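Source: prediction; values computed, not measured. So you know, we letter chains A, B, ... as the sequences are listed, proteins then strands, and number each from 1. Below, all heavy atoms of this structure are taken into account, side chains as well, without hydrogens, waters or symmetry copies.
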Amino acid sequence: MPVNESSAPSHFIRNIIKEDLRTGKFGGRVHTRFPPEPNGYLHIGHAKSICLNFGLAEEFGGKCNLRFDDTNPVKEEEEYTRSIMEDVRWLGFDWEDRLYFASDYFEQLYRWAIELIKKGKAYVCDLSAEQIREYRGTLTEPGKESPYRNRSVEENLDLFERMKAGEFPDGSRTLRAKIDMASPNLNLRDPVMYRILHATHHRTGDKWCIYPMYDWAHGQSDSIEGITHSICTLEFEDHRPLYDWFLDELEVYHPQQIEFARLNLTYTVMSKRMLLELVQEGHVESWDDPRMPTISGLRRRGYTPESIRDFAERIGVAKKESMIDLALLEHCLRDDLNKRAHRVMAVLHPLKVVIENYPEGEVEELDAVNNPEDPSMGTRKIPFSRVLYIEQDDFREDPPRKYFRLSPGKEVRLRYAYIIKCVDVVKDEQGKIVEVRCTYDPETKSGTGKTQRRVKGTLHWVSARHAFEAEVRLYDRLFSVPDPAGDKEGKGFKEFLNPESLVTINSAKLEPGLKYAKPDEYYQFERIGYFCVDGKDSKDGAPVFNRTVPLRDTWAKIEKTAAGKQPRGV
RNA sequence: UGGGGUGUAGCCAAGUGGUAAGGCAGCGGCCUUUGGAGCCGCCAUGCGGAGGUUCGAAUCCUCCCACCCCAGCCA
């Protein structure tokens with residue numbers, strides 16, 4: 001066991017495990033499981049659970065299983081199990097040889113059901129779905145017992161056998177646990193254990209036409225696998241008495257269910273239903289659209305597994321329902337990317353700059369550092385010439401106070417190159433600035449140490465002749481309000497979609513080396529943000545760049561507050 | 001007016017009777033050839049509320065309030 005466990009912040013589940021280890025409750029074992037239903041793609045909320053389950057096992061020298069909770073054939077697909085395995089692996093976790101499916105236990109579950117019938121603890125019920133609902137009672141009134149509740153063991157055995165044999169149509173009968181129709185906990189009012197579903201299961205095919213319900217399958221699956229701590233979300237708290245009831249009646253190994261609050265993130269929705277809607281109605285391109293909070297979406301957006309794991313650690317684990325600020329996720333991302341991203345220069349909104357006193361036709365190869373945070377990443381050469389592009393935002397004809405960038409008569413440094421001075425501005429007929437004329441000071445070349453002159457601003461740039469043009473996609477939050485799912489007077493979450501969540505730049509000017517950028521590489525476009533190569537739409541020699549997250553922009557903040565205080569603009 | 005949960009800063013979150021950790025956000029400042037990064041500092045006389053016990057209460061007791069979950073043959 002790692003000795004550094006104290007370095008991890010404590011949370012209640014970790015405390016429970018430490019206590020169980022101390023008292024020897026499970027013989028010193030820690031065995032968890034991540035149990036997704038293969039009916040959709042994994043999202044950042046699942047990542048919290050994955051990190052918790054696999055992380056705890058790792059921390060205490062235990063094991064964590066990957067188990068698909070595939071008890072409902074009508075909703076589940078092979079495609080989802082594929083993507084789920086890919087996502088868990090990408091996050092950096094390994095279930096080794098412990099890949100399981102609840103459907104692997106159908107036979108055992110069936111035998112256990114017969115056992116309960118024989119004990120008089122389960123019965124076949126002929127009530128329809130609607131009748132079951134009526135008989136269940138309400139939150140404040142007890143339910144009524146089903147007229148089929150007291151069938152003989154023999155009749156139950158016979159009927160159940162015939163249910164399995166396919167003699168009855170869907171919905172005609174169920175197998176129910178005989179518990180207490182007057183229980184204040186509705187889950188204990190004779191819950192359904194099996195329903196008839198003549199559907200083809202993605203793994204068991206047509207072998208079964210009765211399928212176990214979640215409550216009947218989950219605890220027993222945990223038991224079979226020898227799980228010690230069965231961690232799930234808060235809404236299952238009311239199910240725990242049932243979880244315990246089945247295990248106790250069966251007199252089998254009994255894991256401990258522990259519930260924690262699921263993740264909610266500002267400016268996003270997390271329900272599978274809503275995410276599915278976004279995909280099906282075309283509000284996003286697909287499940288892995290870079291604006292989606294899915295693991296595959298985050299991956300395509302340029303998130304690193306490390307940043308997500310760091311995030312999962314920092315948000316903590318508790319029973320309080322919370323809404324985490326997206327800014328924290330972005331902080332974790334930038335924190336990681338800052339250390340690993342390869343710095344490059346890219347001009348998104350080009351403005352031509354001509355250096356009047358720089359010789360026509362001359363080209364210099366300048367040295368640029370690949371990552372100031374990590375010298376081992378080395379340096380590269382970038383071409384400099386007479387005509388360049390700078391960012392339109394980096395020039396203002398009439399600069400506001402504290403504007404450190406270029407403006408008429410002012411000096412600025414070109415990163416890794418020279419200090420230049422703006423001497424003229426060229427406009428078109430509409431008065432739009434189309435070109436800036438400058439002069440450069442040859443004595444100020446970067447790295448020569450010939451001058452001690454300092455200027456306030458440093459701009460990124462790209463040599464016009466050498467620029468490589470590529471498509472750049474600027475992604476932003478998908479929703480424009482912090483809690484799109486928390487309906488403001490009945491408005492649906494889709495009314496809050498951010499119309500500017502994707503802005504495409506067709507031909508940004510990039511430094512030439514970027515032509516060979518590949519997916520899985522992390523870049524920082526200096527002074528702009530972190531970018532990655534889109535894994536789907538890029539081609540060899542024609543990469544498409546996705547903005548992962550912008551750099552923090554102090555100047556934008558200053559301008560914004562200034563605009564707020566003095567609403568006279570410009 | 002059933003049952004199960006949860007309330008500590010703008011957002012998370014430690015703390016479990018000895019006088020409110022930490023992170024994010026925010027705000028100052030330093031530094032800087034990225035207005036990035038980094039560094040320094042500030043940010044709860046207060047822990048949902050009211051009583052009570054105690055030398056001492058976020059922690060114990062009583063009552064109250066607010067919010068979330070449960071009436072699928074979904075998970």
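- A:Asp335 has a carboxylate O that lies under 4.0 Å from a charged side-chain N of A:Arg314, or vice versa, which qualifies the two as a salt bridge.
- Using a 4.0 Å heavy-atom distance criterion, A:Tyr403 is classed as a base contact.
- No engagement by A:Gly457 is indicated, since no non-hydrogen atom pair under 4.0 Å with the nucleic acid exists.
- Rounded to whole Å, the distance from CZ on A:Phe236 to C1' on B:rA75 is 5 Å.
- Residue-nucleotide stacking is not present for A:Tyr214 and B:rA75, judged by a side-chain ring centre under 5.5 Å from the six-membered base ring centre and planes under 30° apart.
- Between A:Arg527 and A:Asp553 there is no salt bridge, since no side-chain nitrogen of the basic residue lies less than 4.0 Å from a carboxylate oxygen of the acidic one.
- In the region residues 183-197 of chain A, proximity to RNA chain B at under 4.0 angstrom, judged on heavy atoms, holds for A:Pro184, A:Leu186, A:Val192, A:Arg195.
- A:Ile558 has its CD1 atom 10 Å from the P atom of B:rG29, to the nearest Å.
- There is a side-chain donor-acceptor pair under 3.5 Å between A:Glu225 and A:Tyr105.
- Residues from residues 262-277 of chain A placing a heavy atom under 4.0 Å of any atom in RNA chain B do not occur.
- A donor-acceptor contact under 3.5 Å links the side chain of A:Arg413 to the base of B:rU33.
- Geometrically, A:Lys445 does not engage A:Tyr418 in a cation-pi contact defined by less than 6.0 Å to the ring centre and at most 45° from the axis.
- Closest contact between the side chain of A:Glu321 and the listed nucleotides B:rA75, B:rC69, B:rC68 involves B:rC68.
- What separates CE of A:Met323 from C1' of B:rA9 is a distance of 18 Å, to the nearest Å.
- Within the 4.0 angstrom heavy-atom criterion, no nucleotide atom of any strand lies near A:Tyr211.
- Note: CD (A:Glu235) to P (B:rC67) measures 21 Å, nearest angstrom.
- No contact: A:His460 has no heavy atom under 4.0 Å from any strand.
- A:Pro142 comes within contact range of no nucleotide atom at all, as no heavy-atom separation falls under 4.0 Å.
- Looking at the side chain of A:Lys75, the nearest of the listed nucleotides B:rC74, B:rA75, B:rU34 is B:rC74.
- Following rounding to the nearest Å, A:Leu234 (CG) and B:rC69 (P) show an atom-to-atom distance of 10 Å.
- Counting non-hydrogen atoms under 4.0 angstrom, A:Glu373 reaches a base of the nucleic acid.
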Just the atom pairs and distances: protein N or O near nucleotides 26-28 of chain B's N or O, under 3.5 Å.
{"residue": "B:rG26", "atom": "OP1", "partner": "A:Lys557", "partner atom": "NZ", "Å": "2.9"}

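- Side-chain N or O atoms of A:Arg195 include one that pairs as donor or acceptor with a backbone N or O of A:Pro212 at under 3.5 Å.
- For B:rG48, the base adopts the anti conformation, since its glycosidic angle falls more than 90 degrees from zero.
- Which of B:rG4, B:rG38, B:rC73 sits closest to the side chain of A:Asp335 comes down to B:rG38.
- Taking CE from A:Met377 and CG from A:Asn371, the interatomic distance works out to 4.5 Å, rounded to the nearest 0.5 Å.
- Looking at A:Glu511 and A:Arg380, a side-chain N of the basic residue comes within less than 4.0 Å of a carboxylate O on the acidic one, giving a salt bridge.
- Using a 4.0 Å heavy-atom distance criterion, A:Asp238 is classed as a base contact.
- With B:rG3, B:rC12, B:rU32 as the candidates, the nucleotide lying closest to the side chain of A:Lys320 is B:rC12.
- Ion pairing between a basic and an acidic side chain is recognised when a charged N comes within 4.0 Å of a carboxylate O; A:Arg162 and A:Glu167 show such pairing.
- Remark: A:Tyr110 pairs with A:Phe160, A:Trp208 by the ring pair (Phe, Tyr, Trp, His ring centres under 6.0 Å) rule, at least two apart or across chains.
- Closest-nucleotide positions on RNA chain B for A:Ser322 and A:Tyr530 were compared, and the one nearer the 5' end corresponds to A:Ser322.
- Ionic pairing of A:Asp374 and A:Arg340 is not present here: no N-O contact between side-chain nitrogen and carboxylate oxygen is shorter than 4.0 angstrom.
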Apply side chain to side chain contact (heavy atoms under 4.5 Å, CB included) to residues A:Leu510 and A:Phe545 and explain how you reach the verdict. CA-CA 11 Å; A:Leu510 317 179; A:Phe545 291 88; 3.4 Å; yes
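- Atom NZ in A:Lys456 sits about 12 Å away from atom P in B:rU34, given to the nearest Å.
- Phosphate contact (OP1/OP2 of B:rU34, side-chain N/O of A:Arg343, threshold under 4.0 Å): absent.
- Using a 4.0 Å heavy-atom cutoff across all strands shown, A:Gln524 reaches at least one base atom of the nucleic acid.
- Base-pair partner of B:rC60: B:rG52 (Watson-Crick or G-U wobble, both distances under 3.5 Å).
- Distance from the side chain of A:Lys319 is smallest to B:rU6 among B:rU6, B:rA75, B:rU34.
- Ion pairing between a basic and an acidic side chain is recognised when a charged N comes within 4.0 Å of a carboxylate O; A:Arg149 and A:Asp190 show such pairing.
- Nearest-nucleotide assignment on RNA chain B puts the 5′-proximal partner with A:Leu551, out of A:Ser128 and A:Leu551.
- Within 4.0 Å of A:Val317, counting heavy atoms only, lie sugar-phosphate atoms of the nucleic acid but no base atom.
- Within 4.0 Å (heavy atoms only), A:Arg405 reaches at least one base atom of the nucleic acid.
- Closest to the side chain of A:Glu237, out of B:rA75, B:rG72, B:rG4, is B:rG4.
- Looking at heavy-atom distances under 4.0 Å, A:Leu459 makes no contact with the nucleic acid at all.
- Atom OG1 of residue A:Thr458 and atom CG of residue A:Leu414 lie 9.0 Å apart, to the nearest 0.5 angstrom.
- Residues that satisfy the salt bridge (charged side-chain N to carboxylate O under 4.0 Å, His left out) test with A:Glu78, not counting sequence neighbours, are absent from this structure.
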Nucleic acid footprint by protein, nucleotides 18-24 of chain B - heavy-atom cut-off 4.0 Å, B for base, S for sugar-phosphate alone: -----SS
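- Looking at A:Arg189 and A:Asp180, no side-chain N of the basic residue comes within less than 4.0 Å of a carboxylate O on the acidic one, giving no salt bridge.
- Residue A:Asp69 is classed as a sugar-phosphate contact, given heavy-atom separations below 4.0 Å to backbone atoms only.
- Using a 4.0 Å cut-off between a side-chain N of Lys or Arg and a carboxylate O of Asp or Glu, A:Arg453 and A:Asp441 qualify as a salt bridge.
- At the heavy-atom level, A:Thr140 lies under 4.0 Å from base atoms of the strands shown.
- In this structure, the CH2 atom of A:Trp461 is 15 Å from the P atom of B:rU34, given to the nearest Å.
- The CE-P distance, from A:Met181 to B:rG3, rounds to 18 Å in whole Å.
- Between A:Arg22 and A:Glu19, at least one side-chain nitrogen of the basic residue sits less than 4.0 Å from a carboxylate oxygen of the acidic one, meeting the salt-bridge criterion.
- Using a 4.0 Å heavy-atom distance criterion, A:Glu37 is classed as a sugar-phosphate-only contact.
- For A:Ile324, whose side chain is taken as the heavy atoms from C-beta onward, the closest listed nucleotide among B:rC74, B:rU33, B:rC12 is B:rC12.
- Of the candidate nucleotides B:rC12, B:rA75, B:rG35, B:rC12 has the atom nearest to the side chain of A:Ile315.
- With no hydrogens or angles considered, no side-chain donor-acceptor pair links A:Arg343 and A:Asn370 at under 3.5 Å.
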